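This report refers to the structure that appears directly beneath it.
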Amino acid sequence: MNYWLAKSEPEEYSIDDLKKDKVCHWDGVRNYQARNYMREMQKGDLVLFYHSNAAPPGVAGVMKVVKIAYPDPSQFDKKDKHFDPKSTGDNPRWFCPDLKFERKFKQFISLSELRNTKGLEKLPLLQRGSRLSVHPVSKREFEIIVGMGT
DNA sequence: GCCAACGTTGGC
DNA sequence: GCCAACGTTGGC
């Protein structure tokens, strides 16, 4: 069982959208390192939902992996903004898992609160210049954050 | 909207 | 393989 953090801009797709949809394809990720992490996700893994480019940015809740990564359909769709002409059906570049709504935190945890929390110093999100949209979180870090949101 | 940090592309 | 130019991310 592993833990992760995944970012989305709430204007694009927020935790409330996911609550309504129940399950979503975590598609559109076009960064190799983030893709590799998504391919490591196993069914049942828990994922923190981070609102980026928001006011304020922060962690909004928890999702669960319900389907392991498969080729991201948006890479083949010419009309999609994530279309990738270099990707073929035989050799897809991009993958996405399906994530299910687990819960929305009673207490939204802002980025500045995360920065001020002991034990989260190594969280990749908080490292200088980190822009990685999907990354692992340790069990301890996950527990600290969930504890703050409850 | 600004801009620093980072990733990707492509000429050489 | 280097690296400048360019594009994107994301906090502020």
Side-chain angles (χ1 to χ4, degrees), chain A residues 2-21 24-41 45-65 68-138 140-149:
Chain A
N2 287 303
Y3 303 90
W4 310 90
L5 178 144
K7 302 178 188 175
S8 175
E9 302 193 12
E11 296 229 341
E12 291 279 324
Y13 196 78
S14 73
I15 194 154
D16 291 320
D17 294 322
L18 178 59
K19 187 175 183 181
K20 192 154 39 100
D21 294 344
C24 71
H25 318 292
W26 202 262
D27 60 3
V29 174
R30 294 293 180 270
N31 170 283
Y32 289 105
Q33 201 177 342
R35 177 202 67 181
N36 294 343
Y37 283 138
M38 290 199 296
R39 294 182 76 171
E40 289 176 31
M41 287 182 182
D45 283 1
L46 295 174
V47 185
L48 297 168
F49 194 135
Y50 180 83
H51 281 182
S52 63
N53 246 318
V59 181
V62 182
M63 306 179 274
K64 184 186 263 181
V65 178
I68 61 168
Y70 53 92
D72 178 344
S74 69
Q75 69 195 306
F76 306 123
D77 180 357
K78 280 204 177 89
K79 286 182 235 106
D80 196 286
K81 77 171 189 181
H82 298 294
F83 174 66
D84 185 346
K86 292 179 191 146
S87 196
T88 63
D90 286 347
N91 190 19
R93 280 188 170 190
W94 307 113
F95 290 78
C96 64
D98 283 355
L99 302 179
K100 181 170 83 64
F101 177 82
E102 193 71 12
R103 64 198 191 89
K104 180 179 174 176
F105 286 155
K106 289 199 185 79
Q107 189 76 35
F108 178 86
I109 310 159
S110 71
L111 178 60
S112 62
E113 290 172 88
L114 293 171
R115 287 196 193 285
N116 288 328
T117 301
K118 218 170 165 240
L120 299 181
E121 294 83 0
K122 293 194 177 146
L123 194 67
L125 176 77
L126 304 181
Q127 303 314 305
R128 188 170 155 272
S130 165
R131 298 184 336 194
L132 199 55
S133 64
V134 177
H135 68 65
V137 172
S138 74
R140 183 76 193 115
E141 289 163 341
F142 183 87
E143 284 166 354
I144 291 172
I145 293 169
V146 169
M148 292 165 76

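All heavy atoms count here, side chains included; hydrogens, waters and symmetry mates do not. As the structure is a prediction and not an experimental result, all values here were calculated from the model. So you know, we letter chains A, B, ... as the sequences are listed, proteins then strands, and number each from 1.
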ring-ring contact (aromatic ring centres under 6.0 Å, His included) against [X], all qualifying residues, sequence neighbours excluded:
X: A:Tyr70; value: none
X: A:Tyr13; value: none
X: A:Phe76; value: none

Residues forming a side-chain contact (heavy atoms from CB on, under 4.5 Å) with [X], sequence neighbours excluded:
X: A:Ala54; answer: A:Pro10, A:His51
X: A:Ala34; answer: A:Val29, A:Asn31, A:Leu132, A:Ser133, A:Val134
X: A:Asp45; answer: A:Met1, A:Asn2, A:Trp4, A:Met41, A:Gln42, A:Val65

Please set out all donor-acceptor pairs under 3.5 angstrom arising from side-chain atoms of residues 100-107 of chain A, sequence neighbours excluded.
{"residue": "A:Arg103", "atom": "NH2", "partner": "A:Thr150", "partner atom": "OG1", "Å": "3.3"}
{"residue": "A:Lys104", "atom": "NZ", "partner": "A:Asp16", "partner atom": "OD1", "Å": "2.9"}
{"residue": "A:Lys104", "atom": "NZ", "partner": "A:Asp16", "partner atom": "OD2", "Å": "3.4"}

Can you list, by residue number, the residues of residues 117-129 of chain A that have a non-hydrogen atom closer than 4.0 angstrom to DNA chain B?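 Here the set is A:Arg128, A:Gly129.
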Under a 4.0 Å heavy-atom criterion, the protein footprint on nucleotides 1-10 of chain C, written with B, S and -, is ------BBBB
